[in-house]
Trainee: 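Structure in structure tokens, see below.
A, B, ... follow the sequence lines: proteins, then strands. Residue 1 opens every chain.
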2 protein chains.
Amino acid sequence: MVSSSRPNDPVHPHTTRPDRRPTIVDVARAAGVSTAVVSYALNGRPGVSASTRERVLRVADELGWRPATAARSLRSGPAAAGLVLVHDGRNGARAASALDLVVGAQEALGVDGPTLAVHVAPTVAGAATLMETWWTERRYAAFVVPHARSDDARLAALRRLNAPAVVVGEVPGVSPPGWRHVSLDDAAAFARLGSFLADLGHTRVAMLAGSEELLAPRRRTAALRAALGERGASLRTVAGEGADKAAAAVRPLLSGPDRPTAIVTDDDATAGVVLDVARRLGLSVPWDLSVVAGTDAAACHLTTPSLTAVPFPVRELGLAVGAALLDVLGGDTPARGAPTAPGNGTVAVGNLVVRGSTAPPPS
Amino acid sequence: MVSSSRPNDPVHPHTTRPDRRPTIVDVARAAGVSTAVVSYALNGRPGVSASTRERVLRVADELGWRPATAARSLRSGPAAAGLVLVHDGRNGARAASALDLVVGAQEALGVDGPTLAVHVAPTVAGAATLMETWWTERRYAAFVVPHARSDDARLAALRRLNAPAVVVGEVPGVSPPGWRHVSLDDAAAFARLGSFLADLGHTRVAMLAGSEELLAPRRRTAALRAALGERGASLRTVAGEGADKAAAAVRPLLSGPDRPTAIVTDDDATAGVVLDVARRLGLSVPWDLSVVAGTDAAACHLTTPSLTAVPFPVRELGLAVGAALLDVLGGDTPARGAPTAPGNGTVAVGNLVVRGSTAPPPS
DNA sequence: TTGAAAGCGTTACCAA
DNA sequence: TTGGTAACGCTTTCAA
């Protein structure tokens, strides 16, 4: 029976306790050197002879040694980064895409690189509080702020704490030196969308803009308006976040005179709502009305007709976030092979994915 | 200019360095006591006079003291739990629901309780590797294993490491004492679904089962079959995970003779595929064919018709996970107010959400 | 009820 | 190129 003898073993304090994981003291003893040498060898620092280094590495590997995160953090400060997701349970597709962002970031960080830990908070303010707590507890060395908003409590908190951060999205004002920004070039994509719709012949387009607080919708709307305007088409903007509000906003829009012949939404769920309202009003998509989702997601395939959508290269965005994070955390060895990405970056958005929800306007 | 004077300040080693966050030494000095007393007071341990305790707490609060995670972990072992999500970028709704699980768990853990950190891995094997690494690095005190599978590398790894865990889903065999299990009572829900379909008059039902590796699909299928069988209806099972395979599996099913009059799927995305195939074959849902999604999600509203679905109380599941985690991490103060949930638990699934995709079979 | 001090595992400085 | 050793911030004996 392998019982665990936890408390004070009266005998040799450092000998083989049953489930003890090895420390550098064990490695040093086994290799016949001091802990200093072990530390140097293990961290690839100069000042250790090749033979000693190799022996130490071998012994460490044999013993299955791994650095104790706590000890290392205590001495050198935390190495991990934290990302607090704002999730209120309603933003389905956005939530899933956040995970893809994390996947991309992890990939850029590499397996041996710093860790990115994800947490979830119901509100922006809650996220800010959590980050503040964890910063003062020295739990993380930097934070990733996804979906930056115009007046963002998270950014205010990080600014005040002078904490390093990677911010997804451009924010107004000048940023602290420890910050990096990564954003999506969706303005270009929405400009192309404007051209696309104008080329189809649409002259009255409406944009059902999502949250005013998010920065992306504004940028997108502006780009879309400019592109349409250049071609003699007009854009009407209608606010409507969330399914209910969106439905309430779309109904009068489609019932009134001079109804738009194309509607662009910010996300996939809202586009689904538009499809639904149109159907109830007896409008057939795409013949009576074109609908475009501003964010492509799996749900865009599920609707009838399937939704034409602006791509959302969230994994690529994640890669950029990871690169920026490496930069923020101390610019050491980036994942080799990958071209050392710049700290700040803009991620390109591909061409519109044309599906079944767009057509020329009714004559 | 507030330059940071990092390295060895030759002067008082412990005086006010610019951005130094306070330690218990600072608190002790300010309160005029020793660090031991501070530690006792801060942790609510007996052996400190009420007046001293209060003074210490006040001073700590004034100084904005927070425990340094690393130091505490080094001494007492890690306090946080880790959850590694398996996310391959395809399972949209499942991914979003995983976040709701985390939200629920956090709620049960409470704001001052242990932290739950989420990570993402592309495969089950990758998740197992990560957990093993982090266990040996003493990063986490326990792990949450979501979506346990029948032959799960994660469970094998945790077993081998003798690491505490909360497993979502029942697994065959006997579990280590440090494990807790939380699962969804979807068998009951699928039994009710069987009754519902039989009562509508369906006699030929098909189940489009998801991954064979996941445990839930089997349990669900068995319960559905039993309930249908009791009422003289039959269930045909068809394998088909992922959109393409599902479509390929459904097409012959609906084209052949004796086609089922109702199809049940495991998740929302697959149900959407079924709707699509049915439409292409000229079958109108729900009049020619009823469709039920085995997992309710936001996407179920987006389809035409909207999908009747089995509820998926993932937040409640998360609450149970959080309670189990508290139990595993050392059974200390659970979030007060909440009735101390048992370590192992089964979460009830509510009644079928009937929407537009179900009707009596065609005469 | 309080204080002094020994760790926890690593890193990094200073001497040898 | 190596070894000894003092931090890092906290918890927890053991004495006073």
Trainee: Reckon B/Arg72 has a side-chain N or O less than 4.0 Å from the OP1 or OP2 of D/dG9?
Mentor: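 No, B/Arg72 has no side-chain N/O under 4.0 Å of OP1/OP2 on D/dG9.
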Trainee: Hey, could you give me the OG1/CZ distance between B/Thr136 and B/Arg138, rounded to the nearest 0.5 Å?
Mentor: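 Output value for this atom pair is 8.0 Å.
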Trainee: Quick one: A/Asn43 CG to C/dC13 P, roughly how many Å, whole number?
Mentor: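 Rounding to the nearest Å, CG of A/Asn43 and P of C/dC13 are 13 Å apart.
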Trainee: Ignoring hydrogens and geometry beyond distance, is the side chain of B/Tyr40 in donor-acceptor contact with the base of D/dC10 at under 3.5 Å?
Mentor: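 Result: no qualifying N/O pair found.
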Trainee: Using heavy-atom distances to pick each residue's nearest nucleotide on DNA chain C, tell me which of B/Ala36 and B/Arg138 is more 5'.
Mentor: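 Its nearest nucleotide lies further toward 5', so the answer is B/Ala36.
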Trainee: Any base atoms under 4.0 Å from B/Ser39, or only sugar-phosphate, or nothing? Heavy atoms, all strands.
Mentor: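 The answer is base, as B/Ser39 lies within the cut-off (heavy atoms under 4.0 Å) of a base atom.
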Trainee: Between A/Arg29 and A/Asp26 (salt bridge meaning N to carboxylate O under 4.0 Å), is one present in this structure?
Mentor: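 Between A/Asp26 and A/Arg29 there is a salt bridge, with a charged N closer than 4.0 Å to a carboxylate O.
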Trainee: Specify the separation, in whole Å, of atom CZ of B/Arg29 and atom C1' of C/dA4.
Mentor: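 Taking atom C1' of C/dA4 as the reference, CZ of B/Arg29 is at 16 Å.
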Trainee: Assign A/Val33 to base, sugar-phosphate, or nothing according to its heavy-atom contacts below 4.0 angstrom with the strands shown.
Mentor: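 If one applies the 4.0 Å heavy-atom cut-off, A/Val33 turns out to touch the sugar-phosphate alone, with no base involved.
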Trainee: Report the distance from atom CD of A/Glu137 to atom C1' of D/dG9, rounded to the nearest whole Å.
Mentor: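 In whole Å, D/dG9 C1' lies 13 Å from A/Glu137 CD.
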Trainee: Let me know the distance between CZ of B/Arg139 and P of C/dT10, rounded to the nearest Å.
Mentor: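 After rounding, the reported distance stands at 13 Å.
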Trainee: Hey, is the side chain of B/Arg75 poking within less than 4.0 Å of OP1 or OP2 on D/dC8, counting only N and O atoms?
Mentor: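 Answer no for this pair, as no side-chain N or O of B/Arg75 is under 4.0 Å from OP1 or OP2.
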Trainee: Counting only side-chain N and O atoms of B/Ser34, is one of them less than 4.0 Å from OP1 or OP2 of C/dG3?
Mentor: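 Yes, because at least one side-chain N or O of B/Ser34 sits under 4.0 Å from OP1 or OP2 of C/dG3.
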Trainee: How many Å lie between CG on A/Leu74 and C1' on D/dC10, as a whole number?
Mentor: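 After rounding, the reported distance stands at 8 Å.
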Trainee: In this structure, how many angstroms lie between the P atom of D/dG9 and the CG atom of B/Asp26, rounded?
Mentor: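 Those two atoms, CG and P, are 9 Å apart.
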Trainee: Using a cut-off of 4.0 Å on non-hydrogen atoms, how would the nucleic acid contact of A/Ala68 be classed: base, sugar-phosphate, or nothing?
Mentor: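 Contact class for A/Ala68: sugar-phosphate only.
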Trainee: Give a yes/no answer on whether the side chain of A/Ser73 brings an N or O atom under 4.0 Å of OP1 or OP2 in C/dT10.
Mentor: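 For C/dT10, OP1/OP2 do not have a side-chain N/O of A/Ser73 under 4.0 Å.
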Trainee: Between A/Arg55 and A/Thr35, who's closer to the 5' end of DNA chain D by nearest nucleotide?
Mentor: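 Taking each residue's closest nucleotide, the earlier one in sequence belongs to A/Arg55.
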Trainee: Which whole-number value in Å describes the distance from B/Arg45 CZ to D/dT11 C1'?
Mentor: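 Rounding to the nearest Å, CZ of B/Arg45 and C1' of D/dT11 are 8 Å apart.
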Trainee: Does the cation-pi check pass for A/Arg160 over A/Trp135, that is, NZ or CZ under 6.0 Å from the six-membered ring centre and within 45° of its axis?
Mentor: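 A/Arg160 over A/Trp135 ring: no.
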Trainee: State whether the number of non-hydrogen atoms from other residues, nucleotides or ligands found under 6.0 Å of A/Glu54 atom CD is greater than 12.
Mentor: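 No, the 6.0 Å shell around CD holds no more than 12 heavy atoms from other groups.
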Trainee: Any side-chain heavy-atom pair from B/Asp100 and A/His87 closer than 4.5 angstrom?
Mentor: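 Touching, per the 4.5 Å side-chain cut-off.
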Trainee: Tell me what A/Arg53 touches on the nucleic acid: a base, only sugar-phosphate, or nothing, going by heavy atoms under 4.0 Å.
Mentor: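 If one applies the 4.0 Å heavy-atom cut-off, A/Arg53 turns out to touch nothing in the nucleic acid.
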Trainee: Could you please name the option among C/dG3, D/dG9, D/dT2 that lies closest to any side-chain atom of A/Thr52?
Mentor: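 Selected nucleotide (nearest to the side chain): D/dT2.
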Trainee: Please report the distance, rounded to the nearest Å, between CZ in A/Arg21 and C1' in C/dT10.
Mentor: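 Atom-to-atom, A/Arg21 to C/dT10, this comes out as 16 Å.
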